[in-house]
Amino acid sequence: MFDKRLDKKKFKEEVESNLKLLYRHTIAEASQQELFQAVSYAVKEVIMDDWISTQKAVKEQGAKTVVYLSMEFLIGRALGNNLINMNSYRQVEDCLAEMGIDLNALENQEPDPALGNGGLGRLAACFLESLTTLGYPAYGCGIRYRYGMFKQKIENGYQREVPDDWLKDGYPFELRRPDFTQEVRFGGTIHFEKDANGDDCFIQENYQSVKAVPYEIPIVGYGNHMVNSLCIWDAEPIVNFNLDSFDSGNYHKAVEQENIAKNIVEVLYPNDNHIAGKELRLKQQYFFISASLQSALQKFKKTGASIFTLPDKVVFQMNDTHPTVAVAELMRLLLDQEHLSWEEAWGITTKCVAYTNHTIMSEALEKWPIDLFERLLPRVYQIVQEIDRRFVAEVRSRYPGNEEKVARMAILYDKQVRMAHLAIVASFSVNGVAALHTEILKNQELKDFYEMMPDKFNNKTNGVTQRRFLMHANPWLSDWITLELKTTEWATNLDLLAGLKALVDNPAAQSDFIEIKKQNKIRLAQYIKEHNGIEVDPESLFDIQVKRLHEYKRQLLNILHVIYLYNQIKENPEQEVQKRTFIFGAKASAGYIRAKEIIKLITSVAEVVNNDASIDGKIKVVFIEDYKVSNAEIIFSAADLSEQISTASKEASGTGNMKFMMNGGVTIGTMDGANVEIVEAVGAENAFIFGLSSEEVIQYENHGGYNPQDIYNSDPKLRQVIDQLVDGTFAGGDREMFRNIYDSLLTNKSGRADQYFILKDFDSYRQAQAAAVAAYKDKSAWARMAMMNTACSGKFSSDRTIEEYVRDIWHSQKIQVEGK
Ligand SMILES: *Cc1c(COP(=O)(O)O)cnc(C)c1O
């Protein structure tokens with residue numbers, strides 16, 4: 001690694017030689033993309049040595065490996081973060097500057113590998129980075145989607161999805177590993193035989209199969225020479241074109257195989273907290289799980305250890321229920337390939353798998369129709385049936401005569417496979433992702449399971465990596481923190497930020513902090529000018545809500561409040577008001593019509609407000625197109641207010657809230673998810689909390705909801721806002737454009753009226769907003785509040801989360817890697 005010993009001359013030569021090798025170009029001739037590739041390969045060259053050393057150390061030290069199974073890894077760009085973690089960012093920046101190359105511009109050439117939807121995928125990426133920085137052997141297993149999350153274009157105010165061809169120029173950080181190829185089988189029939197040894201054999205016939213080929217991406221630890229891997233599987237046809245025996249039958253078969261393989265890894269389903277329920281999705285799940293488990297078992301068997309020691313050497317953490325087919329697939333491999341008895345196989349499996357629950361929302365709880373599941377995975381289904389049979393027998397013996405309980409808890413029920421139940425029954429650990437969320441799981445959603453197996457349940461509050469979301473995303477604040485704390489140790493011990501509390505009343509420190517925030521706001525304002533063509537004033541209050549578009553996240557509450565403010569300003573033109581910029585960023589799932597209508601409403605309000613000369617720019621509304629990790633990094637650092645306004649009980653944790661907090665954004669939010677713990681850490685006086693509590697929401701829900709008409713009738717200013725949805729104000733006179741949104745708030749045509757308690761929480765939100773604006777007037781008091789948020793954010797490092805997983809679930813050990 002470079003560290004202090006960056007050999008500039010060698011690095012420059014490497015870049016030049018890569019340009020020549022890859023493109024037959026000199027630096028003067030190369031495009032920015034070519035330079036990005038050449039520099040990335042030069043960086044990868046250095047990473048390789050540590051990657052090799054890490055592999056060697058893992059083997060030699062025989063430590064237990066964490067295998068993180070996830071359908072999504074939202075890793076973000078690699079070049080800048082790899083350099084940060086190699087402690088070489090500034091040196092390489094200087095070195096490239098001497099060559100006339102701008103590192104920042106090169107970073108913008110990198111595609112954002114969007115192999116995830118939102119929080120769940122980003123969590124997986126933060127976890128791999130923290131595991132590596134802390135020195136634990138680990139790797140992620142996922143899918144190398146040919147097209148990542150779609151790119152969002154806003155056209156005429158509407159979202160349009162454009163394919164994200166992230167591999168088109170080649171991705172320099174991946175490594176194809178054809179020697180670890182696996183075969184994955186789908187469909188066909190199963191028959192039973194005794195083999196020559198008298199062992200039971202289940203033979204699968206007439207199946208389709210594909211080749212799973214792994215690609216590895218290095219995950220670089222911070223300053224410790226450790227490099228773990230993210231292993232993502234590509235699908236290839238098993239039959240290759242054989243040009244000699246080219247009869248038409250073979251040709252068609254070959255083309256068919258090619259298509260089956262291509263389809264599996266073609267796209268990531270763009271659903272967040274919602275099931276797609278598509279056959280291809282189940283195929284994707286089994287594809288990467290079967291490949292990952294076969295490969296993990298092969299690796300383990302190479303060590304020569306007894307299969308019964310597998311739980312001492314690996315743990316499979318299932319990120320939500322998406323990888324739950326792993327339970328049955330591991331059983332299959334142990335039964336059919338290792339010829340263990342059911343009891344032996346179950347004993348091993350249940351010591352190897354652990355499950356993280358990410359949501360209580362019913363529309364996100366994965367269930368597969370049994371007929372589909374059985375047709376696609378016939379042997380796996382037999383195993384699930386047997387797991388279910390034994391589990392149901394256990395429930396009956398524990399709760400005799402309680403058939404309602406059996407019905408509630410069974411894995412197979414109502415012609416469906418309930419994946420969460422399979423995951424809970426087989427896992428030795430079931431964790432929620434924030435304290436409140438875990439309590440709701442134990443006391444409501446998973447109450448029956450908690451009563452029967454209380455020891456499995458535990459909480460692991462999410463976190464985020466400060467290397468990406470502070471050091472890389474906010475270099476000015478990072479430098480200032482290091483200067484004030486007189487150490488860079490906070491890079492691996494975020495609790496040290498508490499040392500900043502001593503400075504919150506110091507006027508010089510306050511003005512530094514304000515100045516840094518201003519610089520970040522200018523940076524974001526430039527991005528907005530470039531991408532939206534809108535001028536925003538960096539002196540205005542930046543109020544930001546960026547996250548997936550979902551009704552429960554309540555972007556609608558936010559934009560209705562903006563309309564309310566707009567009305568007030570128009571009615572009282574003389575009144576002095578705080579200048580504010582409301583910034584949104586959100587992708588909607590392609591099939592989620594209501595979410596798309598809300599995007600159209602936000603962009604339509606923006607259009608009217610931003611172009612109304614009569615309000616003199618007092619408020620501006622910006623919708624940032626294509627919210628993703630790379631632009632998120634410049635958004636978090638620029639926020640004054642962080643909008644975390646989900647309907648209480650619906651947001652399991654949230655991690656965007658933590659990224660804002662670290663960067664000195666003050667939360668306006670409900671007591672939901674990790675907001676509860678953020679408020680606990682920073683103090684209620686340093687946040688703006690409003691709205692129903694989760695208990696109140698659950699109470700209402702258990703009684704069929706509430707009547708929003710009462711609020712509509714008694715709050716004239718809110719009624720005006722709601723009526724403007726259907727009087728054409730924001731729709732160029734069209735009264736129908738937002739009719740569905742209007743109806744969803746007031747009537748119960750489809751489900752409950754105002755399911756997400758927007759009217760119910762509106763007044764409370766309006767008051768919290770007013771309190772925030774009043775507080776912002778006092779620059780010094782606001783700076784104190786913002787600084788307190790940064791100073792108290794130590795708990796929300798994913799390093800803390802990972803140490804808790806290790807302590808309570810994984811029980812793995814750190815290894816030492818000798819750097820070159
Ligand atoms: C952190 C992050 C999320 C999760 O945001 P929430 O506010 O917790 O929903 C989603 N997308 C991206 C790109 C992120 O960086």
Side-chain angles (χ1 to χ4, degrees), residues 70 72-77 81 111-127 129-130 148-152 164 166 268 270-274 319-320 358-359 361 364 433-434 436-437 461-470 472-474 543-555 557-558 583-589 595 624-639 641-647 650-663 665 667-670 672-678 793 796-798 801:
S70 180
E72 305 186 15
F73 288 92
L74 195 52
I75 54 180
R77 288 176 177 159
N81 271 88
D112 217 317
L115 311 183
N117 272 289
L120 172 142
R122 185 54 235 175
L123 185 78
C126 283
F127 278 10
E129 199 270 357
S130 277
M149 188 64 189
F150 61 81
K151 285 194 185 305
Q152 181 191 55
D164 170 27
W166 70 290
L268 162 68
N271 296 327
D272 189 73
N273 275 305
H274 199 284
N319 196 22
D320 212 326
H358 281 270
T359 183
M361 298 218 305
V433 290
L436 174 67
H437 169 61
T461 299
N462 285 166
V464 303
T465 169
Q466 67 265 35
R467 272 76 62 185
R468 180 176 293 269
F469 290 106
L470 202 43
H472 187 252
N474 196 344
D543 178 320
I544 309 188
Q545 185 173 23
V546 284
K547 47 182 77 247
R548 283 301 291 262
L549 202 312
H550 211 299
E551 286 166 281
Y552 84 80
K553 290 176 182 282
R554 298 201 296 191
Q555 284 91 353
L557 174 60
N558 187 343
I583 298 168
F584 294 82
K587 288 182 185 174
S589 170
I624 293 179
E625 196 176 66
D626 204 32
Y627 175 57
K628 55 187 167 184
V629 177
S630 57
N631 57 21
E633 290 183 38
I634 70 168
I635 293 170
F636 293 121
S637 59
L641 260 188
S642 155
E643 296 270 354
Q644 308 301 335
I645 60 177
S646 54
T647 308
K650 303 289 179 205
E651 188 75 271
S653 166
T655 48
N657 46 5
M658 302 168 185
K659 301 167 195 165
F660 281 112
M661 182 194 195
M662 268 178 204
N663 284 281
T667 301
I668 180 166
T670 49
D672 199 17
N675 296 353
V676 175
E677 290 160 81
I678 285 176
S793 67
F796 303 103
S797 167
S798 43
T801 314

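Both ligands and their constituent atoms are indexed starting at 1 by order of listing.
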Does at least one non-hydrogen atom of K628 fall below 4.0 angstrom from an atom of ligand 1?
-> yes
Identify, by atom number and element, the atoms of ligand 1 in contact range of G118, meaning under 4.0 Å from any of its heavy atoms.
-> 10 (C), 11 (N)
Identify, by atom number and element, the atoms of ligand 1 in contact range of V629, meaning under 4.0 Å from any of its heavy atoms.
-> 13 (C)
List every atom of ligand 1 that sits less than 4.0 Å from any heavy atom of G654, numbering the atoms from 1 in the order shown and giving each element.
-> 8 (O)
If you scan protein heavy atoms around atom 8 (O) of ligand 1, the nearest is T655 N, 2.8 Å
Does any non-hydrogen side-chain atom of E643 lie less than 4.5 Å from one of Q555?
-> no
Is any N or O atom of Q644, backbone or side chain, closer than 3.5 Å to an N or O atom of ligand 1?
-> no
Of the protein's non-hydrogen atoms, which lies at the shortest distance from atom 11 (N) of ligand 1, and what is that distance?
-> Y627 CE2, 3.6 Å
Among protein heavy atoms, which lies nearest atom 7 (O) of ligand 1, and at what distance?
-> K547 NZ, 2.7 Å
Work out whether the distance between some heavy atom of K553 and some atom of ligand 1 is less than 4.0 Å.
-> yes
What part of K659, side chain, backbone, both or neither, has a heavy atom within less than 4.0 angstrom of ligand 1?
-> side chain
Please tell me if the side chains of K659 and T655 come closer than 4.5 Å, counting only heavy atoms from C-beta onward.
-> yes
Donor + acceptor pair across side chains of S797, Q466 (<3.5 Å) = yes
Pair Y627-Q152, side-chain donor/acceptor within less than 3.5 Å | no
May I ask which of A125, G119, G76 has a heavy atom nearer to atom 4 (C) of ligand 1 than the others do?
-> G119
Looking at atom 5 (O) of ligand 1, what's its closest protein heavy atom, distance included?
-> G656 N, 3.8 Å
Could you tell me whether the side chains of N319 and H358 share a donor-acceptor contact shorter than 3.5 Å?
-> yes
CG/L123 to OG/S130 distance, rounded to the nearest 0.5 angstrom?
-> 9.5 Å
Do N117 and L268 come within less than 4.5 Å of each other through their side chains, counting heavy atoms only?
-> yes
Taking atom types as modelled, is there a side-chain donor on Q644 or N675 under 3.5 Å from an acceptor on the other?
-> no
